[in-house]
Amino acid sequence: YAGHVREAWSQAADLSARIHIVTKPRAFKVVLGAAPAMYDEIWTAGKVMYKLEQVVAPQGRLILYAPHIREVSRTWGRYIESAGYHIRDYLLAHMDRLKDIPRGVLAHLTHVRGTGSYEGGVERPDVDLVLATAIPEAVCRQINVGYMDPRRIVLADYMNQTDQGILFVDPAGEILHRLEPPHTQA
């Protein structure tokens, strides 16, 4: 788009909203997001979580399916493995312990873990995040996420199951999914 900056920006934003956002009428108890091969570590595949989190029902499960992923992050993995994925308020409550972790890594931790609450020393994420990758179960536990063996997942069990509260997204991580705005009665 060209022309006056605000008008061009607005037109581009409107187009992007039509192309890059999928709206759903309701949330799903299980969402399986299949990360494409271009995401070769959780550092980048974490986009699957924050692009799909909005359509996961409270206390629902998001499965990040990527059997090709073998590591959390080549560059930042040691920090992620020492801190683990946590919601924002948990990290804020533990900043003294996390002071040596780069702020960009801390942001990544909250983006991938998603929203939730932290009260009385108890963290309650809104979404049960599960990795179905080649990352070992012990590492998944260490980084505070669930684990599923991707070899035991039958993708067909997740496809075309929206009426059962299950959403399958492939490829995942590029398109934002969100809920339709609530309809107001006049």
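Not counting sequence neighbours, the partners of Ser117 by the side-chain contact (heavy atoms from CB on, under 4.5 Å) test are Glu119, Arg124. Residues satisfying the salt bridge (charged side-chain N to carboxylate O under 4.0 Å, His left out) criterion with Arg88, sequence neighbours excluded, are absent altogether. With sequence neighbours left out, the salt bridge (charged side-chain N to carboxylate O under 4.0 Å, His left out) criterion links Lys47 to Glu174. Listed by chain and residue number, nothing satisfies the salt bridge (charged side-chain N to carboxylate O under 4.0 Å, His left out) test with Arg26 (two or more places apart in sequence, or in another chain). Residues satisfying the ring pair (Phe, Tyr, Trp, His ring centres under 6.0 Å) test with His108, not counting sequence neighbours, are Trp43, Tyr85. Arg151 pairs by the side chain to side chain donor-acceptor pair (under 3.5 Å) definition with Asp149, not counting sequence neighbours. Contacts of Tyr90 classified as ring pair (Phe, Tyr, Trp, His ring centres under 6.0 Å), with partners at least two apart in sequence or in another chain: His86, His94, Tyr118. For Asp40, the salt bridge (charged side-chain N to carboxylate O under 4.0 Å, His left out) partners two or more places apart in sequence, or in a different chain, are Arg74.
What you find for Leu64 and Ala35 is that their closest heavy atoms are CD2-CB, 4.2 Å. Between Ala172 and Pro36, the shortest heavy-atom contact is O-CD, 3.3 Å. Between Ser82 and Ile101, the closest heavy-atom pair is OG-CD1, 4.0 Å. Nearest heavy atoms, Ala132 versus Pro150: O-CB, 3.7 Å. Contact record, Gly116 with Ile87: C-CD1, 3.4 Å, taken as the closest heavy-atom pair.
The other residues sharing a hydrophobic cluster with Leu15 are Tyr1, Ile19, where clustering joins ILVMFWY side chains under 4.5 Å apart. Here Val22 sits in one hydrophobic cluster together with Ile175; the rule is ILVMFWY side chains under 4.5 Å apart, joined directly or through other members.
A distance-only check finds a donor-acceptor pair linking the side chain of Arg113 to the backbone of Val127 [under 3.5 Å].
For the pair Glu53/Leu129, no side-chain contact is recorded, criterion being any heavy-atom separation below 4.5 Å from C-beta on. Residues Gln54 and Leu176 have side chains in contact (heavy-atom distance under 4.5 Å, counting atoms from C-beta outward). Annotation: side chain of Val139 is in contact with side chain of Glu81 (closest heavy-atom distance under 4.5 Å). Counting heavy atoms from C-beta outward, Val55 and Leu179 have side chains that approach closer than 4.5 Å. When side chains are defined from C-beta on, Pro58 does not count as touching Asp126, because their heavy atoms never get closer than 4.5 Å.
Cluster membership check: Leu106 shares its hydrophobic cluster with Val112, using side-chain heavy-atom separations under 4.5 Å among Ile, Leu, Val, Met, Phe, Trp and Tyr. If you chain together hydrophobic residues whose side chains sit under 4.5 Å apart, Val130 and Ile80 never meet in one group. Hydrophobic clustering, with ILVMFWY side chains joined whenever heavy atoms are under 4.5 angstrom apart, keeps Ile63 apart from Val154. Linking ILVMFWY side-chain heavy atoms closer than 4.5 Å, directly or via other members, places Trp76 and Leu91 in a single hydrophobic cluster.
Interatomic distance, Met148 CE to Cys140 SG, rounded to the nearest 0.5 Å: 11.5 Å. To the nearest 0.5 Å, atoms CE (Met49) and CG (Leu62) are separated by 6.0 Å. Separation of atoms CD1 (Ile135) and CD1 (Ile42) is listed at 4.0 Å; rounding is to 0.5 Å. The CD atom of Glu137 lies 11.0 Å from the CG atom of Leu131; values are rounded to the nearest 0.5 Å. To the nearest 0.5 Å, the span separating OH on Tyr147 from CD1 on Ile143 amounts to 12.5 Å. The line from NZ of Lys24 to CD of Glu180 is 9.5 Å long, rounded to the nearest 0.5 Å.
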Can you give each donor-acceptor pair under 3.5 Å made by side-chain atoms of residues 155-167, sequence neighbours left out, with the distance rounded to 0.1 Å?
from: Gln161; atom 1: NE2; to: Met159; atom 2: O; distance (Å): 3.4

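Other residues, nucleotides and ligands place more than 12 heavy atoms under 6.0 Å from the CZ atom of Arg141.
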(request) Could you please spell out the steps behind the side-chain contact (heavy atoms from CB on, under 4.5 Å) verdict for Glu123 and Asn144? (result) CA-CA 11 Å; Glu123 181 180 31; Asn144 195 37; 3.5 Å; yes
(request) Take Ile153 and Leu32, measure what side-chain contact (heavy atoms from CB on, under 4.5 Å) needs, and give me the verdict at the end. (result) CA-CA 10 Å; Ile153 292 177; Leu32 186 142; 4.1 Å; yes
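Applying the ring-ring contact (aromatic ring centres under 6.0 Å, His included) test to pairs two or more places apart or on separate chains, those with a residue in residues 48-71 are Tyr50-His111.
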